[in-house]
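For clarity, every value in this text was computed on a predicted model and none was experimentally measured. All values below come from the heavy atoms of this structure, side chains included, with hydrogens, waters and symmetry mates left out.
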Amino acid sequence: MVVSTADSILGRVLGQAPALHSYSISEVRTPMRDGTELIGDHFAPDSAGARGTVLIRTPYGRGFPTSALNGRLLAARGYHVLLQSVRGTFGSGGAFRPMAQETEDGQDTVAWLRGQSWFDGRLATLGASYLGWTQWTLLRDPPPELRAAVIYVAPHDFREAVWGTGAFTLGDFLGWSDQIAHQEDGGGLRRLLGMAWAPRRVAPGLTGLPLPHAAVPVLRGRAPWYREWLSHPDGDDPWWEPYRAGAALAKADVPVLLIGGWQDLFLDQTLQQYAALAGRGADVALTVGPWTHFQVATRAAGLVARESVAWLDQHLAGGPAARRQPVRVYRTGQDAWHEMPSWPPPAEPVAFHPRADRGLTTAAPERPEGNAAFTYDPADPTPSVGGRTLTGAAGIRDNRRLERRSDVLTFTTDPLPTAVDVIGSPVVELAVALNNPYGDVFARICDVDERGRSFNITDKHLRLDPATPAGQVQRVTLALDPCFHRLRAGHRLRLQISGGAFPRFARNLGTPGGPAEGRHMAPCLHTVHLSGTRLLIPVTVRP
């Protein structure tokens, strides 16, 4: 057996045992039911004792890093790998219609595999983000050959990812559409230059109005789906049915490994997937680390590779158990991993009350605290800073500059006398009145250290119902995204309340009309009634 030096180095970098096999790579063409052919690379181990087949379907091309981190790594350890470009990308036939096209094409690919002499009837799927979405569409009707799935940072309901807060997730999905529109513009250096230029290229599409028209010079007709997404904001619209694979959560009957990040934009769906599968008694494991979406493929590459190979070795090749406990999660603030039998562990809520002096205390006020107000102006929108985003400066960021703005309210505790472990979804119960019925709210909690730096932990955005009359107090509940964080002794807990986070979410323009047509703007005064507002923090139950 001859294993290349590059594969040996890759294995060592990713913390893998030595490679077991040399392998060959050949291009294959897979016919779909409509006659379209999809192009793929078949990584074939040079051994009669192959360990099964791993299917990876991607819109991002078959080169580095997927070819190395998945194709070469797995083939060198005895797995056949089919790395396939989905319809309309990188040489595959047909037109690319993101998400909506994958159900039939995935099933047709498995049907083709059944006819290959090297396919032994043992199949697994693997991949992150869009590559995970292709797995959920297959799991809506799992083929009998499927033995395992490895799904990283991926949605099962794309409509919820785009419109789940009531506001269009603008920055991420214009940025993603731009990436797809330009990803095949040459190769090598030209592609790298295109990626570097992307933020400046996309900017006019974020700030211009109406949004579909502003995106025309950015996308240049190459991403027709973007206008379609903007034109269908209604969650009950049957148009979104091909973008929803939630039925898989009730049908998946194979062992599933889920990997997510506390700062990944699909975190909420990863935890929903775990809860649904675990609730049915399915064989599911969960790993959540301190990562953003892209860090799962960079900072976490070694850990992800080790856990993935171990999962495949157990469930496809009959190897030893991959994990000691089903759940492995990283506690931020403590910077430590924890293993546990399930998620979430027991917690109990502690209520914090905002005060007129901008304090935040567990002591309920003895008399009404009055109000606090700010004006959200869509012409100068409150910016987004960090958080669970796909594009821009994602993840944990210092919020001090944001908090100095007049359109951001903050309420802060005294230094904590002991450490507090936050686990699960904090909840903001907000009493707010608007002088303009068209408005949003954005709530965030931060960990303020001894130096005064304010680092975001978790947040939630919500578009309010414009049917509520102006001036009427609305009582809304915002369940912030789940977290697992230790507030250290001496740190302070801070609650932020504002009217938006742009361009992460599209601005509420303060005027009637659909998001695809809006062009006129008006400010909105938000009055927060402090006596009707509180923050519920779930804290670890101490034995």
| task | Kindly say whether V216 contributes a backbone atom to a donor-acceptor pair with the side chain of R220 at under 3.5 angstrom? | result | no
| Under 3.5 Å side-chain donor-acceptor pair for Y79 and D313 | yes
| query | Between D172 and R504, is there a side-chain N and carboxylate O pair less than 4.0 Å apart? | reply | no
| said: Applying side chain to side chain donor-acceptor pair (under 3.5 Å) as the test, list every pair that has at least one member in residues 36-45; sequence neighbours left out. | reply: D34-T36, T36-R87, D41-R62, H42-H80
| If you measure only the distance, is there a donor-acceptor pair under 3.5 Å linking the side chains of H293 and D264? | yes
| Donor on one side chain, acceptor on other, T458 and D481, under 3.5 Å | no
| How are the rings of W343 and W262 set to each other: parallel, tilted or perpendicular (split at 30° and 60°)? | tilted
| request: Please report the shortest heavy-atom distance between A154 and I151, naming the atom on each side. | output: CB-CG2, 3.7 Å
| Are the aromatic rings of F168 and W229 close, with centres under 6.0 Å apart? | no
| message | Quick one: does any side-chain atom of D120 pair with a main-chain N or O of W118 as donor and acceptor, under 3.5 Å? | response | no
| request: Quick one: sort the W176 and F158 rings into parallel, tilted or perpendicular, breaks at 30° and 60°. | output: tilted
| query | For L131, does its backbone N or O pair with a side-chain atom of S129 as donor and acceptor, under 3.5 Å? | reply | no
| task | For K251 and R140, indicate whether the former's side chain and the latter's backbone hold a donor-acceptor pair under 3.5 Å. | result | yes
| said: I want to check a possible cation-pi pair here: R328 against W337, using under 6.0 Å from ring centre and within 45° of the ring axis as the test. | reply: yes
| query | Atom CZ of R244 and atom CG of D157: how far apart are they, to the nearest 0.5 Å? | reply | 4.5 Å
| Where A124 and L316 come nearest, the two heavy atoms and their spacing | CB-CD2, 3.8 Å
| Distance, nearest 0.5 Å, that separates CG of N456 from CD1 of I396 | 4.5 Å
| query | Got a donor-acceptor contact below 3.5 angstrom from the T391 side chain to the G171 backbone? | reply | yes
| said: Checking R72 against S67 for the side-chain hydrogen bond (donor to acceptor under 3.5 Å, both in side chains) test, could you report, in this order, the C-alpha distance in whole Å, the side-chain angles of both residues, the deciding distance, and whether it holds? | reply: CA-CA 6 Å; R72 293 177 178 276; S67 61; 4.8 Å; no
| Are the side chain of R331 and the backbone of F484 linked by a donor-acceptor contact shorter than 3.5 Å? | no
| Can you tell me how far CH2 of W112 sits from CD of Q84, rounded to the nearest 0.5 angstrom? | 8.5 Å
| request: Check for a donor-acceptor pair, side chain of E102 on one end and backbone N or O of T137 on the other, with a separation under 3.5 Å. | output: no
| field | S308/Y152 under side-chain hydrogen bond (donor to acceptor under 3.5 Å, both in side chains): CA gap, chis, key distance, verdict | value | CA-CA 10 Å; S308 300; Y152 324 137; 2.5 Å; yes
| message | If you apply the rule salt bridge (Lys or Arg N to Asp or Glu O under 4.0 Å), what do you find for R159 with E241, and how did you get there? | response | CA-CA 9 Å; R159 191 271 164 190; E241 184 58 29; over 6 Å; no
| request: Could you tell me whether the side chains of Y130 and R57 share a donor-acceptor contact shorter than 3.5 Å? | output: no
| task | Please answer whether the main-chain N or O of T89 pairs with a side-chain N or O of E184 as donor and acceptor at a distance below 3.5 Å. | result | no
| request: Looking only at non-hydrogen atoms, find the nearest pair between P142 and A252 and report the distance. | output: CG-CA, 4.4 Å
| query | Quick check, are the ring centers of W291 and Y330 under 6.0 angstrom apart? | reply | no
| said: Between the side chains of R114 and E145, is the shortest nitrogen-to-carboxylate-oxygen separation below 4.0 Å, so that they form an ion pair? | reply: yes
| query | Does D185 pair with R222 as a salt bridge, N-O distance under 4.0 Å? | reply | yes
| said: Regarding W163 and T169, do their side chains bring together a donor and an acceptor under 3.5 Å, going by distance alone? | reply: no
| query | Does some side-chain heavy atom of V81 sit less than 4.5 Å from a side-chain heavy atom of T53? | reply | no
| task | Please step through side-chain hydrogen bond (donor to acceptor under 3.5 Å, both in side chains) for the pair R323 and T287, ending with a clear verdict. | result | CA-CA 11 Å; R323 303 167 74 95; T287 296; 3.0 Å; yes
